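Single-structure report; data block below.
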Amino acid sequence: MVAGLISIALIVVIAFILRNVTHRLITRVVRRASSGTGNSLALRLRGRQTVEPEGLDAVAAERRRQRSETIGSVLRPVSSIVVLGTAALTVLDRLSVPIAPLLTSVGIVGVAVGFGAQELVKDFIAGMFMLLEDQYGVGDVIDVGAAVGAATTGTVEAVTLRITRVRDADGRVWYIRNGTITRVGNESQGWSRATVDVPVAYTADVPAVRKLLGEVTDEIWNDPEYRDVVIVEEPQVWGIEQISDTAIVFRISVKTIPSCQAQVARELRLRVKAALDRESITIAG
């Protein structure tokens, strides 16, 4: 009797130790994957170089970190279920509880639950493909359309195989079942684009205005606070976007790192406004 209790205690202790070791191993693998060990970016992140990743390198590093954290957040509970479930079955076997009938019963219940929990199965399958295809991850800014009854855009805070937790701009937290998400707009993959429209009077000198806007884009591109830090490509003045009997609208396009297009657009508007005032060019109403 005492030997049996000691054996059960050892099984429980070993199970918890194994779970903790598995969690630490997953955490280590996630950290290594997020730092990209084996390439030049990893060397910078590990302090072997003093240069910080900039521009598209920074985007790739952040994306890798987000994906690793998302996969880690799913692997930890799965490993806990596997380890503790195996330990529970082993303990039952030590207590002389027949496991075969139990497993058979669980299988039958699983089939019955499967028919009644099709939505749950749908959520798990959708979540699995979402992770495998890297549709989004922790830290991404996404638009999930009308998955919760209203258009929802926010930052992903947590991802599991069943639900995705999103916090919108108002601080509201949405818990969205993965199976209800039919489309996802991800603002955090690759790059974003900031567009600024500049309306001037119809009588304005078009070549002069275009030249002035070019000087503004050159100025922000050569600013060390923006170039290869927030802006990843040289801004472009696309030219006349619209024309009417009262105004001519010029459009400026800037490629930025993900989710920074609004910041760049605001700064660009300030510089355009100052340049137009300096040259006494009137902005059309």
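The analysis underlying the following values was restricted to heavy atoms, covering all of them including side chains, and did not include hydrogens, waters or symmetry mates. Nothing here was measured: the structure is a model prediction, and the numbers come from that model.
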Short side-chain donor-acceptor distance under 3.5 Å, Tyr226 and Thr256: no
Indicate if Val141 and Val144 have the same hydrophobic cluster label, given that clusters are the connected sets of ILVMFWY residues with side-chain heavy-atom separations under 4.5 angstrom. no
Linked hydrophobic residues, Leu18 as query - side chain contacts closer than 4.5 Å: Val83
Closest heavy-atom pair, Arg76 versus Ser79, reported as atoms and distance to 0.1 Å, is O-OG, 2.7 Å
Taking the side chain as every heavy atom from C-beta outward, state whether Arg165 and Val173 have any atom pair closer than 4.5 Å. yes
Under 4.5 Å between side-chain heavy atoms, counting indirect links through other Ile/Leu/Val/Met/Phe/Trp/Tyr residues: same cluster for Val159 and Met128 or not? yes
Salt bridge (charged side-chain N to carboxylate O under 4.0 Å, His left out) pairs, two or more places apart, involving residues 18-30: none
Verify the cluster assignment for Ile125 and Ile81: are they in a single hydrophobic cluster under the rule of side-chain heavy atoms below 4.5 Å apart? no
Can you name the nearest heavy-atom pair linking Arg162 to Asp123, along with the distance? O-CB, 3.8 Å
Hey, mind stepping through Glu267 and Asp223 against side-chain contact (heavy atoms from CB on, under 4.5 Å) and telling me if it holds? CA-CA 12 Å; Glu267 178 64 23; Asp223 189 335; 5.7 Å; no
Validation row: Val198, Val249 side chains within 4.5 angstrom (heavy atoms): no
Name all residues meeting the side chain to side chain contact (heavy atoms under 4.5 Å, CB included) criterion together with Arg172; count only those two or more places apart in sequence or in a different chain, and write none if there are none. Asp168, Asp170, Trp174
Minimum heavy-atom separation for Asp197 and Pro199, please, with both atom names. O-CD, 3.5 Å
Does anything in residues 80-91 form a side chain to side chain donor-acceptor pair (under 3.5 Å)? List the pairs, not counting sequence neighbours. His23-Ser80
Given the rule in the side-chain contact (heavy atoms from CB on, under 4.5 Å) test, do Ile240 and Phe250 qualify, once you have shown the distances and angles that lead to the verdict? CA-CA 4 Å; Ile240 297 177; Phe250 290 83; 3.9 Å; yes
Show the atom names and distances, to 0.1 Å, of all donor-acceptor pairs under 3.5 Å that link a side chain in residues 278-285 to residues at least two apart or in another chain.
none

Using atom types as modelled, flag every donor-acceptor pair under 3.5 Å from a side chain in residues 213-222 to any protein atom, sequence neighbours excluded.
from, atom 1, to, atom 2, distance (Å)
Thr217, OG1, Leu213, O, 3.3
Thr217, OG1, Gly214, O, 2.7
Glu219, OE2, Arg271, NH1, 3.4
Asn222, OD1, Arg227, NH1, 3.3
Asn222, ND2, Asp218, O, 2.9

From CA spacing to verdict: side-chain contact (heavy atoms from CB on, under 4.5 Å), Val264, Val230: CA-CA 8 Å; Val264 173; Val230 180; 3.4 Å; yes
Please walk me through it: do Ile231 and Asp228 pass side-chain contact (heavy atoms from CB on, under 4.5 Å)? CA-CA 5 Å; Ile231 301 176; Asp228 293 331; over 6 Å; no
Applying side chain to side chain contact (heavy atoms under 4.5 Å, CB included), can you list everything that pairs with Ala274, at least two apart in sequence or on another chain? none
Under the 4.5 Å side-chain heavy-atom rule for ILVMFWY, direct or indirect, which residues accompany Val21? Val13, Ile17
Minimum heavy-atom distance between Ser188 and Gly139, given as atom pair plus value: OG-O, 4.3 Å
Is the closest side-chain heavy-atom distance between Glu187 and Gln261 below 4.5 Å? yes
Side chain to side chain contact (heavy atoms under 4.5 Å, CB included) with Arg266: which residues, sequence neighbours excluded? Ala262, Gln263, Arg269
Suppose clustering is done on Ile, Leu, Val, Met, Phe, Trp and Tyr with side-chain heavy atoms closer than 4.5 Å. Which residues sit in the same group as Ile14? none
With a 4.5 Å limit on heavy-atom distance, are the side chains of Thr164 and Val156 in contact? yes
Salt bridge (charged side-chain N to carboxylate O under 4.0 Å, His left out) partners for Asp205, two or more places apart: none
Is there a donor-acceptor pair closer than 3.5 Å between any side-chain N or O of Asn186 and the backbone N or O of Gln135? yes
Following the transitive rule for hydrophobic clusters with a side-chain heavy-atom cut-off under 4.5 Å over Ile, Leu, Val, Met, Phe, Trp and Tyr, establish whether Val121 and Phe129 coincide in one cluster. yes
Is there a donor-acceptor pair closer than 3.5 Å between any side-chain N or O of Asn178 and the backbone N or O of Leu161? yes
Locate the shortest heavy-atom distance separating Val254 from Pro235; write the atom from each residue and the value. CG2-CB, 3.7 Å
With a 4.5 Å cut-off on side-chain heavy atoms, are Tyr136 and Ile142 touching? yes
Contact check, side chains of Ile257 and Val229, non-hydrogen atoms, under 4.5 Å: no
Treating Ser192 as the side-chain partner and Cys260 as the backbone partner, does any N or O pair qualify as donor plus acceptor under 3.5 Å? no
Do Arg177 and Leu120 make a side-chain contact, defined as non-hydrogen atoms from C-beta onward lying under 4.5 Å apart? no
Suppose we screen for side chain to side chain contact (heavy atoms under 4.5 Å, CB included). Which residues come up paired with Leu75, at least two apart in sequence or across chains? Ile26, Ile71
Co-membership, hydrophobic cluster, residues Ile243 and Val209, 4.5 Å side-chain: yes
Glu233 side chain reached by Trp191 side chain, heavy atoms, under 4.5 Å: no
